[in-house]
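Chain naming here is simple, since letters A, B, ... match the order of the sequence lines and numbering starts at 1 in each. Just so we're clear, the structure is a prediction, and the values are computed from it rather than from any experiment. The figures that follow rest on heavy atoms only: side chains count, while hydrogens, waters and symmetry mates do not.
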Amino acid sequence: MTRRKIRQRAPWPLLVLGSLGAAVFVLPLIGLATRTPWSRLRELVMSDVVVDALKLSLMTSVLAAAISLLLGVPLAWLLARVEFPGRRIVRAIVTLPMVLPPVVGGAALLFALGRRGVIGEPINDATGFLLPFSVWGVVVANVFVAMPFLVVTVEGALRNVDGRHEAAAATLGASRLTVFRRITLPMIAPSVRAGLVLAWARALGEFGATVTFAGNLQGRTQTLPLAVFVALEQDRDTAVAISLVLVAVSLAVLLLLRDRWWSNGADL
Amino acid sequence: MTRRKIRQRAPWPLLVLGSLGAAVFVLPLIGLATRTPWSRLRELVMSDVVVDALKLSLMTSVLAAAISLLLGVPLAWLLARVEFPGRRIVRAIVTLPMVLPPVVGGAALLFALGRRGVIGEPINDATGFLLPFSVWGVVVANVFVAMPFLVVTVEGALRNVDGRHEAAAATLGASRLTVFRRITLPMIAPSVRAGLVLAWARALGEFGATVTFAGNLQGRTQTLPLAVFVALEQDRDTAVAISLVLVAVSLAVLLLLRDRWWSNGADL
Amino acid sequence: TGRDSDETLLVMAAASLTDAFGEIGVAFEAANPDIEVRLNLAGSGALREQIVQGAPADVFASASAQTVQALVSAGLALSPTDFASNELRIAVPTGNPGGVVGIEDLANSELLIGLCGAQVPCGQFARQALEQAGIDASVDTNEGDVRALLGKIEAGELDAGIVYASDIAASDDVDEILLPPTFGVAITYPITILSESPNPDAAGAFVAFVLSVEGQAILHAYGFDPS
Amino acid sequence: MNGLDAHLVVQLAGGFYLDVAFSIAPGETLALLGPNGAGKSTAVDVLAGLTPLDDGHVVLNNRVLDAPADDVFVVAEQRRIGVVFQDYLLFDHLSVLENVMFGPLALGERKPQARAMANELLERLDMQGLSSRTPPQLSGGQAQRVALARALATQPDLLLLDEALAALDVTTRGTLRRVLAQHLSDFSGPRLLITHDPTDAFLLADRIAIVEDGSLSQVGSAEDIRRRPATPYVAALAGTNLLVGTNRAGFLTLDHHGHDLQTADTSIDGPVLITVHPTAIALHRKQPSGSPRNTWQTRVVSVEPLGDTTRITLGDPLPLGVDITPGATAALNLHEGAAVWASVKATEITVTPAAVNVKSGRN
Amino acid sequence: MNGLDAHLVVQLAGGFYLDVAFSIAPGETLALLGPNGAGKSTAVDVLAGLTPLDDGHVVLNNRVLDAPADDVFVVAEQRRIGVVFQDYLLFDHLSVLENVMFGPLALGERKPQARAMANELLERLDMQGLSSRTPPQLSGGQAQRVALARALATQPDLLLLDEALAALDVTTRGTLRRVLAQHLSDFSGPRLLITHDPTDAFLLADRIAIVEDGSLSQVGSAEDIRRRPATPYVAALAGTNLLVGTNRAGFLTLDHHGHDLQTADTSIDGPVLITVHPTAIALHRKQPSGSPRNTWQTRVVSVEPLGDTTRITLGDPLPLGVDITPGATAALNLHEGAAVWASVKATEITVTPAAVNVKSGRN
Ligand SMILES: Nc1ncnc2c1ncn2[C@@H]1O[C@H](COP(=O)(O)OP(=O)(O)OP(=O)(O)O)[C@@H](O)[C@H]1O
Ligand SMILES: Nc1ncnc2c1ncn2[C@@H]1O[C@H](COP(=O)(O)OP(=O)(O)OP(=O)(O)O)[C@@H](O)[C@H]1O
Ligand SMILES: [Mg+2]
Ligand SMILES: [Mg+2]
């Protein structure tokens, strides 16, 4: 006997508003599709430039998402759970990269970490290491713009969690770190995933901060969005084609991911 | 007798990683501060251009956040709770604006809603109404780039909520809409707020899609980030100064907001 | 500019013309009180896209002949007129920390060298110059526009880059190194009235004003040479 | 028919299979008792419309609520079934008053009326001072009372109470039993009361159904349940001893124990359930010489003082519970491991035909 | 001293004020009983280190765990105090086995050892088949057993059981009482058992403390509690009747009721607590003529069949509970509203000095 599924019916106000919401995203995609040079697509997309950019984009966006996870989740936890002076200010500062035009963000990064930057100059003098114009520069720029999404999402989720389960774990002798790893994190897993997706997607699409902080060199720092930008000035068809690659990559990754760990297998 | 507060100590790995995470945001801000023309700041910032842009930015970003809330929460609910064919694809499409370089997103909007657009052309022919180069164009561009953050955050939170409380509400005779409004929404309120902040901040900082879809007309479509862009072409000091306005506005709004409804009053 | 006007003129101008056209707009309004000028400033490519998509614009002043030519072929613009010209220079941070002497140094892989991207006019001209000099430059970044390139040189993040003379004139934080005249490439800025201009008369007046003595003087003040 | 008619067949993911059928007349209270994990809360979920049936049906007042065969399923919010959940499921973001008002408001009641009704219920449940608290600020028993008030406030057609009194203290329990008895007799719908406390069942229910491991093992009046327990679980519930054996003209052979007994009841031949009340067993230090034909020697396994009586558990050959007075316990010097003689009159041993399959009583 | 020494003073936000002091010797079990909302769970939170004290102290085996005056506060994870929470607080994302293994692993136990220990505990609690389930897939009683196993697995220095048996069925309850009694006597630390069930308290505890409305109203052995209840709540717990009055050479004037009684106890003069056991009261259809000096006419307020006995509640002038046999109930034709004569011998009325302030027994 298989379990009978009862069809959930959606109340119409939610259905109407939600569909309108979906239209906001679907319409432009249709717009994009109508202007796509489908016949020349293969040729436009199979160039060196695009392949190089795609590789770089995948690598840097995944790295940036990973770093955002590593640093962002602890930061969110500190913001949500530990009272320290200036907490509110730190929390507000975390959301700044979202507000700052990315180009300005990139400039701020240069001011801080560039060859003449507040931190960058001493580091460069001492070690010769230079972030701008390198792959690591791309990653740093991506982390800067992408991590806030993860931090805000995770902090919101942490505030949703009632502390009693964590307290119960503490009475069992678990240190705060163990509680965090084995109780808190699993409890907010869906939100951490949501935040990770947001951060990854934002990193994949990042343009302004990257071009300003890391520059634009094919094979080294030219990610897909930078390639799109270059193409936009030359030939719209190529730009649209590269954008479709971007769309396809993110669609593929998101569709694959969700099956596994987004929906806990209970999905369509 | 006032309640004794027990100081929460953070485990050092979280402290180290979280501080590193915070450094990602604080350092560039310091960088920016070192390059700010503090003495000329007032003069640079008090121009017509900046005042016009500030007004427009506040209005359009708030409108965009409101629309994102209105359409995005129902959309998130549909995605999380209702099984319909193609749900996974819609969900993936919702995240596209995050991946698409904003300039391409703006172009896609033009293709769909511009005077020659798939939808825009018939609408323009019938009513004479034109979205691009209008304030509404700015709002649409903002909604397009900002709403995904809200949708993903809220959907993640909805998946965190166990359905038993909603079921209990149903046994009390509450329709699905009532359950949604009076039980589900309050339960995920912190995440809705987080999503709203994300969306608003993203809209406030939006540049690429706006400049492409709505143009860059002072007083009509020139938001703060666009003013920064123009200033960057003229005089870096002005650009930094306008960016600081942006930073100050968002800091002010975030600090004010959080006191009231972010932290439920239990904050520092 | 809050006064009543009968007509509003929408001028699409390349971002590098921001300062000069800002002043030209004010001067034009003074001369034509019944016309209000609105500038729409963006990259030439983005402007072209907006025009193609039916922006209700009147005049297009571009940094690239190619962009305008594309619009002319599409029937969206009338035949253009060149209104300004420019020259290339090597820009280095004040004090020249990289010790750049001439165009040969751009091949030095020890230095951090930037150019404009090949998709924008300044990048195309720079590459022409390098080719003529027979130099294979060791490029570390292709910036999106000349201002971005200049910004990085000003900040000392790059040791050298090829930019327009007009940009160097506008900056206090760079030193210039002249290129031999043989490497000079002809750099011209076209302006055109758009076919679908809602105000073709006012558009004509604006173009005429740019080409007038007064307009040319303003352009010169911002480092542009007459065409 | 009016009232509830239910045949619940559900297969849960973990392998648990529920198949029970029962009906409850209007105004009748059925108590559902059973060991942990027997399926009581599952039955509640199914009746309330939170878990769909796999087979069978739920019909309330002639309205079909769930019938997989006919593809009928009425959603929870249209069933008018009030539930007190075992884990309360109070709304943490609403105050106590708002929790109770939620149902009436959802059903279209005006705010003042809903508030008045909620206040009255809270007062009856002795919660008037706490109506502006939120559930996390309540004690366990207070929360349970709010859950009860919330369910009663909707004036449902069917009331499902899943251990609705478990967290209450003795005095409140007494008060609430009276409130509930009062309310239940006012309320004309059928109601299902789930409990682990036989006293609750005996006091509040008209009929008792026992579910064990997913199926019904006994249904009857409190009297039936107490007098003729059909399984060890029911016997424990009734506080009596149950053995399984065969009767041959008054000679009882026990299935699991090596000692025979004699009963005065010779009317039933064949497999029987044997009930021996704990007070019917006498204990002696020396072998008794009187009338009881059933006499055996054994050891004391445990001595549990239960207030007015002491419960002595005997070991092999017959593991029986015996209730004697604390005085007798002292007089006989009973302690763990003490050797004693036990005796029980043949007339005190009741037998019933073993019609129902005997289950282990635990899953 | 070894064991627990606690003086708990806490002021909660809603106005509730807890101030109780008690100590528990190593190996001793103290049962904490009290009405809903009396502060039992609050005491557990404080002892476990989840709520800091406002005043007083918690000292366990000579280690100061909380002492606001000296600014000492040991965090929960360093207290080695095992807790079964009233609402379980199981970890929904972990399996039953992992829930039980969590504590040992957190304390540095190796995985195989932790697993072995968890498996053994689960088996003792009859849960072996369910170790791969997650908590949402458990029944209420099963979840409670997991909570118990999880708390026992850490082998804590102090064990706090907050209604750890409330959701269990009768048979499991019996089994678990034995398991727990066994475990408690193995376990050398002090333990605190919170319950609403006097049987649990009488069986498992060495001493009983009663908390009402935030302060202790009585502490003593089960015998004390049963014989000399100090408040109406304790009397209800002990199943007896409690009245308040003044003794003058055997003549009792009652504080709240207009009827006087006589007692044989003339040793105490002044304010007294008066206990009358429900079985000591006789009921008659006609006025009795024999020896009892205390005789009065009244009406039956309720008749509650409780299995072997029937509980009759009498109305004015003295609201007393009376236990008689079902047979007698039938013979006297007792029903709600019936007029009866009640009598009680003067020797059956016990009085104790009213030393403790009598509280209402409910908040
Ligand atoms: N969501 C679920 N998925 C799979 N099995 C479940 C689920 N919920 C409960 N079960 C199992 O179904 C059986 C019946 O559970 P149910 O909660 O109905 O028992 P119950 O009679 O209410 O017990 P209790 O007296 O302990 O509350 C149990 O064995 C339980 O483990
Ligand atoms: N978080 C809180 N904030 C304010 N008041 C609270 C909070 N938690 C409990 N209370 C109140 O404190 C009092 C004591 O609650 P506590 O949970 O300790 O009672 P309890 O003795 O465990 O009762 P029960 O037997 O019902 O579980 C109650 O009146 C309760 O309403
Ligand atoms: Mg249950
Ligand atoms: Mg409690």
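Only the side chain of A:Thr34 comes within contact range of chain B, with at least one heavy atom under 4.5 Å from a heavy atom of that chain. Of the atoms belonging to B:Ile242, not a single heavy atom falls under 4.5 Å from chain A. For chain B, the nearby parts of A:Val94 are the backbone and the side chain; heavy atoms of each come within less than 4.5 Å. Of the two parts of A:Val73, neither the backbone nor the side chain holds a non-hydrogen atom closer than 4.5 Å to a non-hydrogen atom of chain B. Heavy atoms of B:Leu78 lying under 4.5 Å from chain A belong exclusively to its side chain. Only the side chain of A:Ile119 has a heavy atom closer than 4.5 Å to any heavy atom of chain B. Heavy-atom distances place no part of A:Leu226 under 4.5 Å from chain B, backbone and side chain included. Heavy atoms of A:Arg35 lying under 4.5 Å from chain B belong exclusively to its side chain. Both the backbone and the side chain of A:Val247 come within contact range of chain B, judged by heavy atoms closer than 4.5 Å.
Chain B is approached within less than 4.5 Å, heavy atom to heavy atom, by A:Val143, A:Phe144, A:Met147, A:Pro148 from residues 139-148 of chain A, ordered by number. Proximity to chain B at a heavy-atom threshold of 4.5 Å picks out A:Ser19, A:Leu20, A:Gly21, A:Ala22, A:Val24, A:Phe25, A:Val26, A:Leu27, A:Pro28, A:Leu29 from residues 19-29 of chain A, in numerical order.
Applying the ring pair (Phe, Tyr, Trp, His ring centres under 6.0 Å) criterion to A:Phe229, with sequence neighbours excluded, gives A:Phe207. The ring pair (Phe, Tyr, Trp, His ring centres under 6.0 Å) test applied to B:Phe213 returns no partner, not counting sequence neighbours.
Side-chain contact between B:Val104 and A:Leu32 is present, with heavy atoms from C-beta onward closer than 4.5 Å.
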Check the pair A:Arg193 / B:Arg159 against side-chain contact (heavy atoms from CB on, under 4.5 Å), numbers first and verdict last.
CA-CA 11 Å; A:Arg193 287 172 199 158; B:Arg159 289 174 179 279; over 6 Å; no
For A:Met98 and B:Phe149, what are the C-alpha separation, side-chain angles and deciding distance, and is it a side-chain contact (heavy atoms from CB on, under 4.5 Å)?
CA-CA 11 Å; A:Met98 294 192 282; B:Phe149 297 100; over 6 Å; no
Give the C-alpha distance, both sets of side-chain angles, the deciding distance and a yes or no for side-chain contact (heavy atoms from CB on, under 4.5 Å) between A:Val228 and B:Leu100.
CA-CA 10 Å; A:Val228 171; B:Leu100 227 46; over 6 Å; no
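Chain A forms more heavy-atom pairs under 4.5 Å with one residue of B:Pro225, B:Gly208, B:Gly18 than with any other, namely B:Gly18. Most heavy-atom pairs under 4.5 Å with chain A: of the set B:Leu246, B:Thr153, B:Leu158, B:Leu198, this distinction falls to B:Leu198. Comparing A:Leu96, A:Val118, A:Leu109 by heavy-atom pairs within less than 4.5 Å of chain B, the highest count is held by A:Leu96. Ranking B:Phe180, B:Trp12, B:Trp200 against chain A, the residue ahead of the rest is B:Phe180, based on heavy-atom pairs under 4.5 Å. Between chain A and the residues B:Ile30, B:Val240, B:Leu70, the most heavy-atom pairs under 4.5 angstrom are made by B:Leu70. For the set A:Ser175, A:Ala112, A:Pro97, A:Ala203, the count of heavy-atom pairs under 4.5 angstrom toward chain B peaks at A:Ala112.
Here OG1 of A:Thr36 is found 8.0 Å from CZ of B:Phe111. Values are rounded to the nearest 0.5 Å. Here the straight-line distance linking atom CD1 of B:Ile67 with atom CG of A:Leu17 works out to 11.5 Å at 0.5 Å rounding. Atom CG of A:Leu251 sits about 6.5 Å away from atom CD1 of B:Ile93, to the nearest 0.5 Å.
Of all heavy-atom pairs spanning A:Pro102 and B:Gly205, the tightest one is CD-O, 4.3 Å. Here the shortest heavy-atom pairing between A:Gly156 and B:Ala194 reads CA-CB, 4.3 Å.
Summarising the local packing, CG of A:Leu177 is surrounded by more than 12 heavy atoms from other residues, nucleotides or ligands at distances under 6.0 Å.
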